[in-house]
Amino acid sequence: MLRRSLIRAGETCAFHLRAALARALSRPAPPAAPPAAPPYAGHPAPPQQPPVPYPGAPYPGAPYPQAPQQSVYPPDGYPPGSYPPGQPYPYPQQPAPPYGVQPPQAVPPYAPPPQYPLQTPPSNRPPGRPQFRLPRGRWGKVAVVAGVLVLLPPVTLLGAYWWMRAQQPQTSGTIAIPGSGAPAEIVRDKQGVVHIFAATEGDAYRALGYAHAQDRLWQMETMRRAGAGRLAELIGTKYGDFALRSDRLMRTLGVRRSAEAMEATLSPEARTAFESYAEGVNAYLATRSEALPIEFQLLRHTPEPWTVTDSLVWAKLMALQLSANYRDELFRSRVLERLSPAQVDDLFPPDAPGAPTTLATDLRGMDLRETVRRTLAALPQMSFDTASNEWVLTGTRTTTGKPILANDPHLGLEAPILWYLARIVTPDFTVAGATVPGVPLAILGHNGKVAWGFTTTHSDTQDLFVEKPDPQDPARYLTPDGSQPFETRAETIAIAGEPSQTLTVRNTRHGPVISDLDAMPAGNAPTGNAPGPVLALSFPGLADDDTSAEALYRLNHAASAEAAREAMRLHVAPQQNVVYADVSGTVGFISAGRVPIRRKGDGRVPVPGWTGEYDWTGFLPYYALPQAVNPPSGQFVNANNAVVGRDYPYRLATEWPDPSRAKRIVEMLGTGRFSVEEVAQQQMDIVSLPARDFLPELLKYPSPPGLANDAAALLRNWDGRMDRNRPEPLIFTAWMRELVRAVFADELGPDFASYWDLRPEALRHVLNERPEWCDDVTTPQKEGCADVIGRSLEAAVAMLAERHGSSPKSWRWGDDHKAALVHRMLSRLPLIGGTADLSVETDGGFFTVNRGSTSTRDPANPFRHVHGAGFRAVYDLADLDNSRFVIATGQSGNIWSRHWGDLVGLWRDGGSLRLAGDRGTLVSAGAEVLTLTPRNTGTNKK
């Protein structure tokens, strides 16, 4: 209790010190003293008026203010108006004074200062106390300065050490928490991985919420605020308007409202899990003995209690991130203004034939350019690059005789990584795998009977409808049944340090209107909705009857492969490719989720909303979704490639991501049998099929002399392995980057930035079938593909020589290809920024199984590894305790924790952990045990 009181007192002092510093910086300088008048001739000098020291005087001897003061500071310690505007006041109006400090007494009006006979002012120093004086003379002052310089570093380091210690959560002993239930144990092994032993599921989920809050509270806070559209309330717009743009989008889409509706779909059992988890988070907030994480301290923020809806917000955020093809519709509508439908198809060459992309006839006379431009300008610059690998082998294809399942989801890299390893053990239930702080369920993992993995289907489940406002009444819009009113609501967005903004959100029968997201200077209030046609978004993930959370709960509890398949019947969004296997030997695959059935159109461009011709008529029935069990080949493989062939009777998508990773996995598997260790090694494969198969086509063209020719010679002998210690991956990636720009930038103009990526299939299509793209339309001469290929290699090599010197043999992929494991906020701060950056050189590339996608469009760091497998798992259905797991950073989000980045090397080099062992085994191996005891059990020790 004493430690907690000291920590809370320290936090309070930190608030007051920051306010005092702000006052000091904002206080005007004291007025200059008037020059002393010369003494009158023949008269003695007038007696000196002694300075009267008083609290708050600008400097000794300053004239005392004329107005009487009742106290030095107001009772709450803040002068009126000193607290930053727009911030909630963090303290009660009349707090009790700290221990040992007398409250300020009322100060009566002062009489004129007395005339003292001595020229020295009276001292307030208590009798008998020696008066400190600085040494006189130059060497005395030098000695003082030297002493300060000697003592300051150790004192500073000692203070920093104790401050960092104050950030660490309690990981052993017993903590009494509010609520009912039986005690539960949080056992942390040497890597900080949490193993929870509890009597019931409710107790276990409560303990998981407590552990998540101990290690990742800031991650949880930013997640729920992002979904609720409350980021700007926390961080403002001082460093850019991203938070405000994000808030406007989330409020427009109604993400938190949708999560609240999802809460109503939970079964009693699932609701109990989410409620118990929220109780655990709130128990930590109530009983913590450490300071809040540094992010909260820097922003002067105290988190609100956790709710069930806060946990469900994450499901909505992921549904949006993994289904954001509405941006592709906006892009196509833009480029169709200058390119033909055939040219647009060249940009996205399909694996399977599809109908040409054309604008609907009803839109040809409607100018949508300004609407699309405003919408794109107002959308936040989020990364929606998504990819993953998964494959499952039947027992006939493994050395164990039982299935082996591999899964590694690819998302944006950061520190801490999204994932958090955890294991729950109760008498009736076990689950282990990757959780997400803020969510009680295992997103990916096994439950002792069934294992599962996900990849994103990349199906088209979003459509933009162009709505036509009623010419007679702009508050209404046209429908096949006549004019209807827009559904409207006002959303007030608080902004730290600035006035709030009010956003008017409109909804149509198709969904929320996203074209009202007008870009504006931060702090300016919107003037109303823009006139003219509007764009409304249809997406199953925003439906009130979204039961995806219930589906995941049932998947966590599935006792067989068939039960896992039935659980996914309730999954709505995003559509996911799910592989699963059980201990009896059954394996399966299903692309679960709602896929719209369109009355007309292919979903690739915005369509008219007022005619009803393009409306959705329903969703694919569950039996019609792509699915199979126990394939004759003995394997299911997906790496975001097409999940259906040309004979599939329904339309899932018009194009699919590059199939290179899936082809390489199939190539490695062949017809062989594999062990768990061999499958784990396959996840780390770094062979790039485009580098191996497409590069020879480029090298057929003559290379320019000089440095470019030297670089081409290296590529001719390369095996396509994206090894961080080799120069060839750097040369190849830089060449591809420049070649895409040389071929497509002139035709796409300002829209090229949205398209710029490594696109080997599009380049192959141009070289083999559409060489006219190689001509630069901005020049009068006619260029051929040989010219473009040679110049691109020269430009790429020149850029690399500027960065790494003029010897291609000395270049290294790892010098530029570093995993961006960086804390977004703390890495920007002086002194601690280096600790907050866990970036490390990595192998792999955009097209390798061990994926290392790069920031192609970033001119400063175009080869930085920004996207990849933040979590890897291999499940052994012969012995699920032998399953392998790893995450990219560490379990803790605290930059001073020993578990902040202790898994980076293991993750980079293909190592793994096992989530297994009973309590005694874990403790004997050095695990820490924290017991959570609900207060009603009678065990109330701390």
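Computed from a predicted model, the values in this text were never measured in an experiment.
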| said: Test side chain to side chain donor-acceptor pair (under 3.5 Å) on Asn894 and Ser892; report intermediate values, then the result. | reply: CA-CA 5 Å; Asn894 187 323; Ser892 177; 5.4 Å; no

Please determine, by modelled atom types, if Gln575 and Ser459 share a side-chain donor-acceptor pair under 3.5 angstrom.
yes

Here the pair of heavy atoms bringing Pro409 nearest to Phe871 is CD-O, 3.4 Å

> Can Arg604 and Asp345 be counted as an ion pair, charged N to O under 4.0 angstrom?
Replying inline: yes

Sequence neighbours excluded, the answer for ring pair (Phe, Tyr, Trp, His ring centres under 6.0 Å) partners of Tyr755 is Phe348, Phe744

Value for CG (Asp346) from CG (Leu339), rounded to nearest 0.5 Å, stands at 9.5 Å

Residue pairs passing the disulfide bond (SG atoms under 2.5 Å apart) test with at least one member in residues 784-821, sequence neighbours excluded, are Cys774-Cys785

Heavy-atom nearest pair, Ala662 first then Val637, reads O-CG1, 4.2 Å

I'd like to know if the side chain of Arg884 reaches the main chain of Arg872, judged simply by a donor and an acceptor atom lying under 3.5 Å from each other, with no hydrogens or angles considered.
no

Here the pair of heavy atoms bringing Phe454 nearest to Leu444 is N-CD2, 3.6 Å

_Lys/Arg N to Asp/Glu carboxylate O, Arg741 vs Glu738, below 4.0 Å_ = yes

Exercise. Is the count of non-hydrogen atoms from other residues, nucleotides or ligands lying under 6.0 Å from Arg828 atom CZ greater than 12?
Worked result: no

Across all chains, not counting sequence neighbours, the side chain to side chain contact (heavy atoms under 4.5 Å, CB included) partners of Thr222 are Trp218

Exercise for review: Check the angle between the aromatic planes of His823 and Trp900 and answer parallel, tilted or perpendicular using the 30° and 60° thresholds.
Suggested key: tilted

With sequence neighbours left out, the residues meeting salt bridge (charged side-chain N to carboxylate O under 4.0 Å, His left out) with Glu794 are none

- Side-chain donor/acceptor of Trp813 to backbone N/O of Gly844, under 3.5 Å: yes

#### Entry: Whether Ser839 side chain and Ala819 backbone form a donor-acceptor pair below 3.5 Å
yes

Item to complete: State whether the side chain of Glu761 and the backbone N or O of Pro349 hold a donor-acceptor pair below 3.5 Å, judged by distance alone.
Response: no

Heavy-atom donor-acceptor pair, His817 side chain to Gly852 backbone, under 3.5 Å | yes

Note to self: Using only atom types and a distance under 3.5 Å, with no angle test, would you say the side chain of Arg216 pairs donor to acceptor with the backbone of Trp419?
What the structure shows: yes

Applying side chain to side chain contact (heavy atoms under 4.5 Å, CB included) to Val904 and not counting sequence neighbours gives Leu821, Leu838, Val840

Worksheet item: Does the side chain of Arg726 come within less than 4.5 Å of Arg721's, by heavy atoms?
Response: no

**Message:** Looking at Gln682, is its backbone amide N or carbonyl O close enough to the side chain of Asp685 to form a donor-acceptor pair, meaning the two atoms are under 3.5 Å apart?
**Reply:** no

Sorted by chain and residue number, the salt bridge (charged side-chain N to carboxylate O under 4.0 Å, His left out) partners of Arg812 (sequence neighbours excluded) come out as Asp815, Glu841

Fill in: Check: Asp658/Ser660 side-chain N/O donor and acceptor closer than 3.5 Å
yes

Margin query: In the structure I gave you, are the side-chain heavy atoms of Tyr875 and Trp452 within less than 4.5 Å of one another anywhere?
Written below: no

Residues passing the side chain to side chain contact (heavy atoms under 4.5 Å, CB included) test with Asp746, sequence neighbours excluded, are Asp776, Val777, Thr778

N/O donor-acceptor pair under 3.5 Å between Asp247 side chain and Ala226 backbone:
no

Residue set satisfying side chain to side chain contact (heavy atoms under 4.5 Å, CB included) with Val643, at least two apart, ordered chain then number -> Thr457, Asn577, Phe589, Ser591, Pro626, Asn638, Leu652, Trp656

Worksheet item: Is the closest side-chain heavy-atom distance between Gln321 and Leu411 below 4.5 Å?
Response: yes

For Glu295, the salt bridge (charged side-chain N to carboxylate O under 4.0 Å, His left out) test, sequence neighbours excluded, returns none

Tell me whether Arg332 contacts the main-chain N or O of Val605 through its side chain, where contact means a donor paired with an acceptor under 3.5 Å.
no

Residue set satisfying salt bridge (charged side-chain N to carboxylate O under 4.0 Å, His left out) with Glu783, at least two apart, ordered chain then number -> none

Problem - Student check: side-chain heavy atoms of Val849 and Met668 closer than 4.5 Å - result: yes

Arg803 bridged to Asp816 by N-O distance under 4.0 Å: yes

Nearest heavy-atom contact between Ala762 and Leu347 is CB-O, 4.1 Å

field: Side-chain donor/acceptor of Thr848 to backbone N/O of Asn850, under 3.5 Å
entry: yes

Practice item. Using a strict cut-off of less than 4.0 Å between a Lys/Arg side-chain nitrogen and an Asp/Glu carboxylate oxygen, indicate whether Asp757 and Arg857 qualify as a salt bridge. Key: yes

**OP:** Could you check if a side-chain atom of Arg851 sits within less than 4.5 angstrom of a side-chain atom of Phe846, using non-hydrogen atoms only?
**Re:** yes

Residues pairing under salt bridge (Lys or Arg N to Asp or Glu O under 4.0 Å) where one sits in residues 699-712, two or more places apart or in two chains, turn out to be none

Any side-chain heavy-atom pair of His410 and Ser853 under 4.5 Å = no

So the ring-ring contact (aromatic ring centres under 6.0 Å, His included) pairs with at least one residue in residues 688-738 (sequence neighbours excluded) are Trp718-Phe732

All heavy atoms of Leu418 vs all of Gln219, minimum pair found to be O-NE2, 3.1 Å

